[in-house]
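See structure below.
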Amino acid sequence: MNNSEFVNQINQLVDEHNGYESPEDIRSYLRSLIFYKYLDLKQQNSDEVLGYEIKPEFSWKSIINIASMKTFSLKDIDKAIKDFDTNSTHFFTGIFGDLIRNSHQSQQQSINKGKLMAELIKLVDSIDSSTTDTQKLVDTFNQLISLSSENIRSASDNIYTPKDVTDLLARIVSANINKQEDTTIYDMTCGSGSLMLTVGTKASQRTTFYGEDINISACNLAKMNLIINGYNYKDITLRVGDSLDEDWPDTVNSDGQKEPQTFNAVASVPPFSLRWNNSDDRANDPRFVSYGVAPKTKADYAFLLQGLYHLNNEGTMVILLPHGVLFRGAKEKMIRKSLLEKNEIDAIIGLPAGLFNSTSIPTVILVLKKNKKSKNVLFIDASKEFQRGKKKNILKESNIRKIVQIYKDRKELESFSHLANWEELVKNDFNLNIPRYVDTFVPEKSVNLHKVVEDLEQTNKDIKKVQSELSALLESFPSKSAKDEERKKAIIKSFD
């Protein structure tokens, strides 16, 4: 089955079960079933300790046989998942929670979901795979992630970052990674895990991942995403939680005191301008104490400072935020000023509007470091670097290459990039709005007035000629009444 046929099958199931299950839920069930099949095939072909065990009575082959029976119901799936949880390490426990999410469904809804599940199991079984080659399963899983990214419409439910944006962020942060050293990656709003995964594929050989998300389904998906793309569960630490409400992760130093765990790569796309609890005690929070506390209605800088707190002295952080963080005043201005005074902002990259399905607002990448050699800040205006797609704007490969190369070279390019010194930043009162630093104004072409006069004279001559011809034509028409004759003469007179 090729990609288009597979997508058509999904769309058909979405249409058939419209009203009972959302398109994203159906894609979620499919991903979970593909992952289950992948784990089963991997177990058959491995002698390693994998962190889980699928018993023979719950193997993929057995699941297929049960799904083909008329008596198949959701209880059969529940048994397999509960047994899997019992025989798995903590990392895998609950990873298939979305498959058995049916506690509030009516009997009819359970029957419909059971029918849907049987069809999905058969669809997954049709994906070509073997114990020695599971690449087709991996490709299909990744395709489902892309489908979700393309079709999500609600910003509140968007745990997916478009692939082009993810690729750009990953290339920027990996440009600063020493490929000979181990890479540690942290994302405090990890969503589907695709950003961490993309950074990992562009980093060094040994990579460890730390991620957190408030959404349990997102955390489970991130685990699947990293595992099915080849990473060992021992190198992945993911947690369900609110990173702003309770700082994580931490470690214990030699004196027995807790301190933040730090990483050489921090990358995140947090929810834009989220409301958060910025109560009075936040002022003494070690994450914010040296910078200030973000306003209650906009947690953008709170997420930034959370990530920066966990960045090591040799690391690089990239974070995607709404454009307003560059120029909004009050508390956010004070945080900007503190970041600049501490020399921790490395670059600011303005992106085109409309890169996300869930919002059309323009966004900006902030690159941060703790070991900068100069106080210069590189500004890049990439707002025109895109191709219009059917549903949203797209960063083409050529756009991404141009942005990354200018960033790496820290090069000035007319109407595209500028390396601002400290004096410029102070002069602009720490307002980082990109047009203040990158002049993208395109002057209008000079006008040849002599040519304009000549053209006007010729136009007037042409008009006179046409009017003369029209007058002669009107004169030749006989009038039916005195009133018609009067109107005709009035028209001819108006030409004069």
Side-chain angles (χ1 to χ4, degrees), residues 165-179 181 183-188 195 198-199 202-203 262-270 287 290-291 300-301 303-323 325-327 332-333 335-351 363-383 385 400-413 416-426 428 430-434 436-438:
V165 178
T166 295
D167 196 32
L168 174 58
L169 289 164
R171 290 197 206 184
I172 291 170
V173 74
S174 63
N176 296 284
I177 291 174
N178 185 340
K179 302 296 191 292
E181 298 178 358
T183 301
T184 54
I185 302 170
Y186 173 57
D187 185 349
M188 61 275 189
L195 179 53
T198 311
V199 174
K202 298 180 186 304
T262 58
F263 309 89
N264 58 8
V266 176
S268 188
V269 182
R287 296 171 293 176
S290 299
Y291 302 89
D300 303 311
Y301 272 113
F303 282 115
L304 183 149
L305 294 175
Q306 163 72 12
L308 188 62
Y309 186 63
H310 289 277
L311 182 69
N312 68 28
N313 289 332
E314 302 303 318
T316 301
M317 173 180 173
V318 291
I319 185 168
L320 188 87
L321 295 173
H323 207 263
V325 299
L326 301 180
F327 53 81
E332 292 183 302
K333 178 184 175 181
I335 296 173
R336 268 198 317 273
K337 181 181 178 183
S338 296
L339 288 166
L340 289 166
E341 288 175 339
K342 293 175 184 294
N343 196 28
E344 291 173 332
I345 298 181
D346 183 48
I348 292 169
I349 304 169
L351 298 181
T363 52
V364 61
I365 297 172
L366 275 77
V367 187
L368 299 107
K369 292 183 178 182
K370 292 182 176 179
N371 64 341
K372 286 181 62 190
K373 302 298 186 291
S374 74
K375 296 200 82 169
N376 292 341
V377 175
L378 178 67
F379 288 83
I380 297 177
D381 185 346
S383 58
E385 294 292 316
I400 294 172
R401 277 202 311 267
K402 179 180 178 181
I403 296 167
V404 173
Q405 196 60 53
I406 291 291
Y407 168 73
K408 288 166 71 174
D409 296 342
R410 295 188 79 75
K411 190 167 92 176
E412 294 203 348
L413 186 63
F416 189 74
S417 63
H418 174 65
L419 199 58
N421 59 36
W422 176 249
E423 288 72 25
E424 288 178 87
L425 301 171
V426 174
N428 281 297
F430 307 106
N431 185 318
L432 301 180
N433 200 16
I434 296 172
R436 287 176 176 252
Y437 303 90
V438 182

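Reckoned from all heavy atoms, side chains included, excluding hydrogens, waters and symmetry mates.
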**Non-hydrogen side-chain atoms of Leu308 and Leu339 separated by less than 4.5 Å** = yes
**Atom NZ of Lys372 with >12 non-hydrogen neighbours under 6.0 angstrom** = yes
**Prompt:** Would you call Tyr437 and Ile380 a side-chain contact if the rule is heavy atoms closer than 4.5 Å?
**Reply:** no
**Asked** Without hydrogens or angle criteria, can the side chains of Asn371 and Glu314 be said to hold a donor-acceptor pair below 3.5 Å?
**Response** yes
**Message:** In terms of relative ring orientation, are Phe263 and Tyr186 parallel, tilted or perpendicular, with 30° and 60° separating the classes?
**Reply:** parallel
**Spatial distance of atom CD1 (Ile345) from atom CG (Leu326) [nearest 0.5 Å]** = 8.5 Å
**Message:** For the backbone of Thr184 and the side chain of Asn264, can you confirm whether one donor and one acceptor N or O come within less than 3.5 Å of each other?
**Reply:** yes
**Prompt:** Does some side-chain heavy atom of Arg336 sit less than 4.5 Å from a side-chain heavy atom of Tyr301?
**Reply:** yes
**Prompt:** With a 4.5 Å limit on heavy-atom distance, are the side chains of Leu432 and Leu366 in contact?
**Reply:** no
**Request:** Write down the atom of Tyr309, the atom of Lys370, and the distance for their closest heavy-atom approach.
**Result:** O-NZ, 4.2 Å
**Message:** Strictly below 4.0 Å, N to O, side chains only: are Arg410 and Asp346 in salt-bridge contact?
**Reply:** yes
**Residues which pass side chain to side chain contact (heavy atoms under 4.5 Å, CB included) with Thr262, listed by chain and number, not counting sequence neighbours** = Asn312
**Fill in**
Closest non-hydrogen contact found for Met188 with Phe303 is CE-O, 3.0 Å
**Prompt:** If you round to the nearest 0.5 Å, how far is CG of Leu368 from CG of Asn343?
**Reply:** 10.5 Å
**Any side-chain heavy-atom pair of His323 and Ile434 under 4.5 Å** = yes
**Asked** Hey, is the main chain of Lys369 close enough, under 3.5 Å, to the side chain of Thr316 for a donor-acceptor pair?
**Response** no
**Prompt:** Are any non-hydrogen side-chain atoms of Gln306 and Ile319 less than 4.5 angstrom apart?
**Reply:** no
**Heavy-atom neighbours of Lys202 NZ exceed 12 at 6.0 Å** = yes
**Message:** Rounded at 0.5 Å granularity, tell me how far CG in Asp409 sits from CG in Leu378.
**Reply:** 10.0 Å
**Request:** Heavy atoms only: give me the nearest Val266-Val173 pair and the separation to one decimal.
**Result:** O-CG2, 4.3 Å
**Item:** From CA spacing to verdict: side-chain contact (heavy atoms from CB on, under 4.5 Å), Leu351, Leu320
**Value:** CA-CA 10 Å; Leu351 298 181; Leu320 188 87; 3.5 Å; yes
**Request:** Check Leu419 against Glu412 and note the closest heavy-atom contact, atom names and distance.
**Result:** N-OE2, 2.8 Å
**Prompt:** How far apart are the closest heavy atoms of Ser417 and Val438, and which atoms are they?
**Reply:** N-CG1, 4.0 Å
**Asked** Rounded to the nearest 0.5 Å, how far does OG of Ser268 lie from CE of Met317?
**Response** 7.0 Å
**Item:** Straight-line distance of Ile406 CD1 to Ile349 CD1, nearest 0.5 Å
**Value:** 10.5 Å
**Asked** Is it the case that more than 12 heavy atoms not belonging to Lys375 sit under 6.0 Å from its NZ atom?
**Response** yes
**Message:** Please find the pair of heavy atoms, one from Ala267 and one from Asp187, that lie closest to each other, and give the distance.
**Reply:** O-CG, 3.0 Å
**Prompt:** Would you call Tyr407 and Leu168 a side-chain contact if the rule is heavy atoms closer than 4.5 Å?
**Reply:** no
**Message:** Donor-acceptor check, side chain of Gln405 to backbone of Lys402, threshold 3.5 angstrom: yes or no?
**Reply:** no
**Item:** Heavy-atom side-chain contact between Phe379 and Arg436 under 4.5 Å
**Value:** no
**Message:** How long is the straight-line distance from CG of Leu321 back to CG of Leu304, given to the nearest 0.5 Å?
**Reply:** 6.0 Å
